[in-house]
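A short write-up of the structure that comes next.
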Amino acid sequence: MLTFALRRILISIPTLLVISLAIFLLLELAPGDPMSQVPLTVPDEVKQRMREALGMGEPIPVRYGKWLLQFFWVEPLNLIDHWFGTTFAAGEQRILSWQTRSPVMEIVAQRMPQTLWVVGMSYVVGVLIALPIGIYSAYRQYSVFDQAGTFVSMIGYSVPPFFSGVLVIVIFSIQLQWFPSVYDTTHVVDSWDSFVVQLRQMIMPVMVLALQTTAQISRFMRASMLDNLGQDYVRTARAKGMSEAVVVLRHVLRNSMIPVVTVIALGVPGIFGGAIITEQVFKVNGIGQLLITAIQGADLPMVQTLTFIFAVLIVGFNLLADILYGLLDPRIRYD
Amino acid sequence: MPQNAPVLDVRDLTTIFHTRTGEVHAVNGVSFDLRRGELLGVVGESGSGKSVTMMSLIGLLPTPPAEIRHGTVTFEGRDLLRMDDAGLRRIRGDRIGFVFQDPMTSLNPVFPVGHQIAEPLRKHMRLNRRQARDRAVELLELVGIPDAARRLGDYPHQFSGGMRQRVMIAIALACDPDVLIADEPTTALDVTIQAQILELVKDLREKLGMAIVWITHDLGVIAGIADRVMVMYGGQIVEHAAVREMFARPRHPYTRALLKTVPSVRGRREPRLTVIEGQPPILTAAPDACPFRDRCAYRFDACDRRNPPRFDVGPGHDAACFWDFDADAPRGRVAAHA
Amino acid sequence: MLDAGTGREPLVRVRDLKMHFPIHSGLLRRRTGAVKAVDGVTFDISQGETLGLVGESGCGKSTCGRAILRLYDITGGSVTIAGRDVAHAGPNELRRMRPTMQMVFQDPQASLNPRMTVARIIAEPLDEHTRLSRAEKTARVHDLMDRVGLNRAFANRYPHEFSGGQRQRIGIARALALNPRFIVCDEPIAALDVSIQAQVVNLLEELQDSLGLTYLFISHDLSMVRHIADRVAVMYLGKIAELSPRDDLYADPLHPYTRALLSAVPEPDPEAAAASSRTILTGDVPSPANPPKGCNFCTRCPSVMDICRRIDPDFREVAPGRHVACHLYDTTQDGRPTAAPIPTRQGETP
Amino acid sequence: MTDRPDHTDDVPVAGNEATPVPFNPVGAAQSQRLIEAPRSQLRDVWDQFKTHKGALFGAGFFVFILLAVLLGPLLWPLEPTFIDIRARNSGPSLTHPFGTDQLGRDILARMIAGGRTSLAVGLTAMALALFLGTLIGVLSGYFRRLDGILMRLTDLFLALPLLPLLLVMMLLFRDSLRAAIGPETGIFLLVVLGIGVTSWMPTARIVRGDVLALKEREFVLAARSIGTPARRMITRHILPNVLSPVMVSATLGIANAIITESALSFLGLGFPSDYPTWGSLLRDGTDYLQSYPERVIFPGAAISLTVLAVNYMGDGLRDALDPRIRGR
Amino acid sequence: QETGERGRNGQLNIFYWQAPSTLNPYLSGGTKEVEAASLVLEPLVRFSETGELVPWLVDEIPTVENGGVSDDLTSITWTLSEGVTWSDGTPLTAEDAVFTWQYCTDPEGGCAQASYFDGVENVEAVDDRTIKVTFSGPKPFPYTAFVGSESPIIQKAQFQDCLGAKAPECTEANFNPIGTGPYVVDEFRPNDVISYSANENFREEGKPAFASVNFKGGGDAAAAARAVLETGEYDYAWNLQLAPEILTNMEAAGLGTVVAAYGTSVERIEVNQTDPDPSLGDARSTTEHPHPFLTDPRVVQALSKAIDRQLLVDIGYGAAGQPTCNILPAPEIYASTANDDCLTYDPEGAKALLEEAGWTDTDGDGIRDKDGRKLSVLYQTSTNAVRQDVQAIIKQEWEDIGVETELRNIDGSVFFGGDPSSPDTFQKFYADLEMYTNNFSGVDPESYMASWKCSEIPGPDSQWQGQNIPRFCSEEYDALVDKLSQTVELEQRGEIVKQLNDMLVQGGALIPLIHRGNPAAHAKTLGGVKMSDWDSELWNIKDWYRIQ
Ligand SMILES: Nc1ncnc2c1ncn2[C@@H]1O[C@H](COP(=O)(O)OP(=O)(O)OP(=O)(O)O)[C@@H](O)[C@H]1O
Ligand SMILES: Nc1ncnc2c1ncn2[C@@H]1O[C@H](COP(=O)(O)OP(=O)(O)OP(=O)(O)O)[C@@H](O)[C@H]1O
Ligand SMILES: [Mg+2]
Ligand SMILES: [Mg+2]
């Protein structure tokens, strides 16, 4: 198990390097220019000097190397400095956004809380709703509940969030006036009342996103439960006189969760980047919105960094999924 | 061989399956009894309804698609077929133990075997964790797993096939059941391992004295361990006798053919094997004629008209055939056994 | 006929055949060992003979059969079929040799492509190796179907529409299509119901008689092997423990493993079963990735000796036509066995 | 004691060579049934498919949508771009069954035109993803040497953050492609390529898994023992047998592509705004959600129902193509 | 209530759906940045909603009369009001203005507002409160530098290390500039939210009324409008370019009001006077090849007459637009009335004009032709829902009079991006007609009118830089522009500008369509809003208050 985990970690290093190169090169091809925001009246040679100041003059390999160094060395150092008040990274060149000229990572850190609150919470909620639905649908396959569940989850899967989002805003913000339509990213939760406010502003985006999560995870759960309900060991458990609850919720569920848990883990990276549209609709200016504005503003360092952070997350959670799989399944654990 | 009152009495059990293509009459009016301490062997080709019969007894068939049309199963004076789920659950695993064919898939892969053995103990015998553990060790030792205490925490995949089957047996024996139903427990195993298991069962039977139903399609296994044998064909019992009687004087054409087709490691070597031509019956309707008639050399008009009842053909021996082998002629008006 | 050493060149010569599957493990997935599925197997099969190969699950029977047909790239040894070296032939040469050697598989369901009709399945070898016209091919397919006892009307059906025995006939027809001389039957009856097994075995025997085929008949059913084989090889953990003419082997097994195996077979006769005294082996077959030192069988052998744990016995001819790999039959200088074998005879031949 | 009891010796057993096969009415009937014209695989699948109500509805609806979108312009000849200012913002009526938009363009006509684009994107992107996925899956499953590298490639693509990359790609190549082959075809190609290239991986993985399993199946071994070369092995034995997971991926792929296209449209990176797709109609409609709800209901329902139909079709296909289920 | 103590009205919520990425207006030309900064940074003088100069950090506007502007119009002297302090409590001095000039004119700095200092030769601090701006030549309208929200004064102490190339790197300063305005920045989150609070050192007693401002970004125009008009979560939303009926519907909820400020923005169709034929290769759209038919003013007049401008307003602009026939519709004194007949939709007149010009439909395919050449135009614009609607309508109207029209729309970032290598920029003008909006900031049109001089024509040799997009060239016009720069008297200037405007419109260089207002919405409870399109919309935010 340990070698298995280690092996997976080792493999992910070259994967990440290749990905970083791919992302870097792809974006180098982009026609983006840090000077696109600079007015036309500024003379060309000034622009050229400004470009060089941003390190654009150097050959690609050098820039790639610098970027890697900044990403893997300088930025972590900065993080350490930030936490412990040290000054390891003092004077090191950080990755700067072309748009705002401020360190990319600072903005990312600024955006993280709302993304985690909203998108993360929606994922948790979605999963929590999905599991019982999946279990019950499988247990009562082809029952009315199952058919309805299938239908609703497929609808959930097929309605684009830019539509469902606006719909809930119209219903709950405008008609009923229950929840705010604009998410306040500066809101600080420090009391019960402010927590209620936070809840109220989270409910709609969470609802929209959770619908999608629920739709997908419940399908997985159902399929996995169905697979396992037909297994011989279920019959054994029944033959031992175990109650249905024990059979389904202990024996079958435990086995069915193995693939589902990994699917859940694989969905986590999506939290950070997959909710672009929902963020836009509810004005939750999180990571997704950051990415889209960076793309529109041709802010290459920001796009590069964000894309690569996503890649790191995906690789990381893949790893986690693999390891979880091993932990949950003794057949792999003792391999 | 102790011959006392039956612990299990099955009368006219009929089970059908509802499938997309119609009904499948898997078990048709099966009646038999099982006496304390005896080992009843059940043989028959694949699909003859052996497993369905046994699973019907204690409600292990999923309903739907299965439906138990009629019949009674008397166990300790109560009819299992009319018992509610909770009642059945109290009997399953406690009074009646089950061992299934495939030891590879019949154990839950994610729980340690100790846990799986302890489960029925804790439920039926209300043992606490410690007691259950101690009993589990005892059981594993009983079925001959060395170093039992240490292996409680192991997972099924860490055991070999033979050992897993022993674990299955340990689970079935956990609550000292009165009846043990073993559905082809050695089919998936190698001969040398099978020999080990058979030996173990013989042993346990002597020690614990429970009644056992042993399903197999290997006549050799039956010959080795059974007291009585039932032969099933097309969802019915076509012949039933004490084991020696059955091998010595088979009185149903199917049994006779079956005995002929199997070559032996020691007996005479036939130049050609005899074969039973034809296909097993398609069980889409309740039988209104002899299910074996298409493959039978003794067939005559009566076979097409009526499903033969089980005729008594000797002491404790009956066969469902209109042909009288002793007289080598069609049977006259002989009283049906059942 | 019983022995390859009768002067006639055997059709199949297998010498020290080895098939090791590498095991990769550890951080870098280095090769850390091998599953020695077949580890030095030697035998001959003469023209028209049937060699039975028996043994417990996982002992390497299938691997052996497949390695002989070069379905695997073997690790060592040589295989000659009809005078041609199969083990080291190049791809094209091998392709040309394919028609002489064919295989019938264990699971008739799995060995037929569910998406091809019977006619296409049987015609596939013809497509690959002959230039027959369409009509000729159809004629040949029908001919083959007649030969294996399949109704020609079934030619356009799919495998799932057949019963197990009929499916196995399709597999046999396919194997026969190119007029092979040697057929490896890899447990052709294991997946069939008892009442159908006999049909297939009879068919194989008939075909052997009429076409002069040579079989390597792999099975774990000792009684069926007794019926069909002329000589029998008993395999244990990748090696042949004993190779003897059929009657000798069943009447007087030499190797302790053979003895145990025979005694473990349940006898479909309650009288005999009650009378016999069985040799019950304890324990399980060790993993072929990690076989015991010395003799393979030493962990379970009832007559294990000290030497068995140290030295792997040679596979030698101890009596005419009878080969065994066991220290019990080690000869002293004068050529006599060191210890007298005590064959436990459980049955007598009539 | 080893001999059989002698009175069993003379048992005549049916089918023993000498014995003639006895009269067998049921058997005859049975073989009569069996001899009927060989049923094709397709028929079987269809028969099974028919029993799945959802799938039947799905297939029916999908065919309906396809026909509507292809033949719609013949039956409903209004131009999707024709402006009838006087009729603007009219609700559903006889002249405009789905109403008109803020410029008086007929929404039915726009739905038909939009559906054509959306479905074309869905189908082509799916086809591309399937082609890539199957190719890579088969190659890596079948050729052990390629396996490592191809699977790494698949992992790599799986580890790429897709939506961001898709967005970046749209941004990067949109203009050069537009310049090269015109705005509509350019964007079409880009959307299709983008979605196709970023969604083949699950198919590849599934196919590879299946191929690996198939390779161990005895019929492949049988073909090998016949000497069938790799190329024909793949086309004859492997591909037909991986069909069912591929078909199922296909249905999911269509749904996925339609939704992704609408998301791109929403983010303003899809087709030009005057080029209707269901996604862009829906996006434009959301602004009018309160006053003219039908403007979102029609495209929204079209997307959802198509996705739903295709998903149900996939479910049905999965069942129909699974021999374990079909065999029952 | 309008008066009271500072911060009495709690929080003010402003919704800018495009969020600012910096608060230094000198580093970004974007409206959103400039306006967000205008809460903090202030110029010496602002423009009111009517375009009049309002003294802001000075007590009096310098003129020739009061001696603030030198007689030869080459210098202007500003005197700062007494007691103005930065929000950190330090006094505002003339040095800060001098520094601001240095900051923006540093050749390394890439200042976005450098045009405000065009012609400025020197800025000096005569004393702590006196700033003297010297021009290189006479400047009839000297109110450019330090006037309006785009050239506010920044604090020397804060920015002195940020000159030139280092300017963009002073993140701290750029995100939290210290200003003299009513609010100070508490937190700046790029592209997200800005939190301000009332400036304790603000010079006016009892202002601002709001204790804090929440300046939210993100979403889209519809969402912003909804938040003010329908849910009432926000008090003010900016730039609501939505179809008028949507806004009207939202307004019906009764929570807010849609307002529009008019400046000089005119949505117009520029008419290419040169030939964009692709077969010309590099000489495409250059003065070497005059356009084959658009140089005939009658054709352009016909196209103009055939447009129903009121319909365009109804569909696309509503309250935020008025039909216009002038390229310069405001301020009042510059607005011509000579072209107003185009306000009536007159397709028949258009047809007659085309007939007169010799364009008839000889082959009966519905498209007019002349000498074998079809009257067919390519009409491009940027991608934007309203523009595409307008395009579609105009296309249909033109096809009614027999003009074949092909539409093209190009993503705004490319179209306005100015990349010399892209064929799709508005400067390259590889089309017959193109539509966009342009305006000028401030109230003096001199330099704006000068952009149609022959010398301003973009071309390959000037890297396609140049303001004269239609490539209109007339000696008469150039002479008139020169005359304008010599004229001081306001009346006279107005006359000249009107003439220039008429020359452009009647000469067929431009088809003005709509005088565009800048629509915004504010809550009914928000008082004091006076939208100005000449300055920041939030120019008088210090006077805003909550109506209780
Ligand atoms: N779930 C089911 N649905 C439909 N038919 C079923 C089902 N389970 C069993 N059957 C049918 O019931 C009949 C009896 O099956 P059963 O499993 O009892 O046979 P068996 O004698 O145990 O065979 P084997 O030796 O193969 O285990 C068969 O014809 C089978 O097809
Ligand atoms: N491709 C392979 N890779 C690795 N190990 C293999 C492979 N094929 C077979 N083995 C191993 O080789 C050993 C012998 O396998 P083989 O299939 O030949 O046994 P067998 O005697 O035919 O068994 P059975 O009776 O179950 O068919 C087993 O331990 C098996 O796990
Ligand atoms: Mg069974
Ligand atoms: Mg095998």
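Labels below follow one simple rule: chain letters A, B, ... track the order of the sequence lines, proteins then strands, and each chain is numbered from 1. No hydrogens, no waters, no symmetry mates; every other heavy atom, side chains included, goes into these values. The model shown is predicted, which means the values in this text are computed figures rather than measured ones.
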> Is it the side chain or the backbone of C/Leu71 that comes within 4.5 Å of chain D heavy atoms, both, or neither?
Replying inline: both
> At what distance, to the nearest 0.5 angstrom, does CE of C/Met116 lie from CZ of D/Arg236?
Replying inline: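 C/Met116 CE to D/Arg236 CZ: 5.5 Å, rounded to 0.5 Å.
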> Any idea which of C/Gln109, C/Arg174, C/Gln199, C/Arg70 has the most non-hydrogen atom pairs under 4.5 angstrom with chain D?
Replying inline: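 With the most close heavy-atom pairs to chain D, the winner is C/Arg174.
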Output side-chain donor-acceptor pairs under 3.5 Å for residues 204-213 of chain D, partner residues at least two apart or in another chain, one line each.
| residue | atom | partner | partner atom | Å |
| --- | --- | --- | --- | --- |
| D/Arg205 | NH2 | D/Asp155 | OD1 | 2.6 |
| D/Arg208 | NE | D/Asp147 | OD1 | 2.7 |
| D/Arg208 | NH2 | D/Asp147 | OD2 | 3.0 |

Determine all donor-acceptor pairs shorter than 3.5 Å in which one atom belongs to a side chain in residues 129-141 of chain D; sequence neighbours excluded.
| residue | atom | partner | partner atom | Å |
| --- | --- | --- | --- | --- |
| D/Thr134 | OG1 | D/Leu130 | O | 2.5 |
| D/Ser140 | OG | D/Ile136 | O | 3.2 |

>> Quick check on the structure: residues of residues 215-230 of chain D within a heavy-atom distance below 4.5 Å of chain C, by number.
In response: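 Within residues 215-230 of chain D, near chain C: D/Arg217, D/Glu218, D/Phe219, D/Leu221, D/Ala222, D/Ala223, D/Arg224, D/Ser225, D/Ile226, D/Gly227, D/Thr228, D/Pro229.
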>> With salt bridge (Lys or Arg N to Asp or Glu O under 4.0 Å) as the rule and sequence neighbours excluded, what pairs involving residues 90-112 of chain C come up?
In response: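 Applying salt bridge (Lys or Arg N to Asp or Glu O under 4.0 Å) to every pair that reaches into residues 90-112 of chain C, excluding sequence neighbours, yields C/Arg95-C/Glu128.
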> Is atom CD1 of C/Ile23 surrounded by more than 12 heavy atoms (other residues, nucleotides or ligands) closer than 6.0 Å?
Replying inline: yes
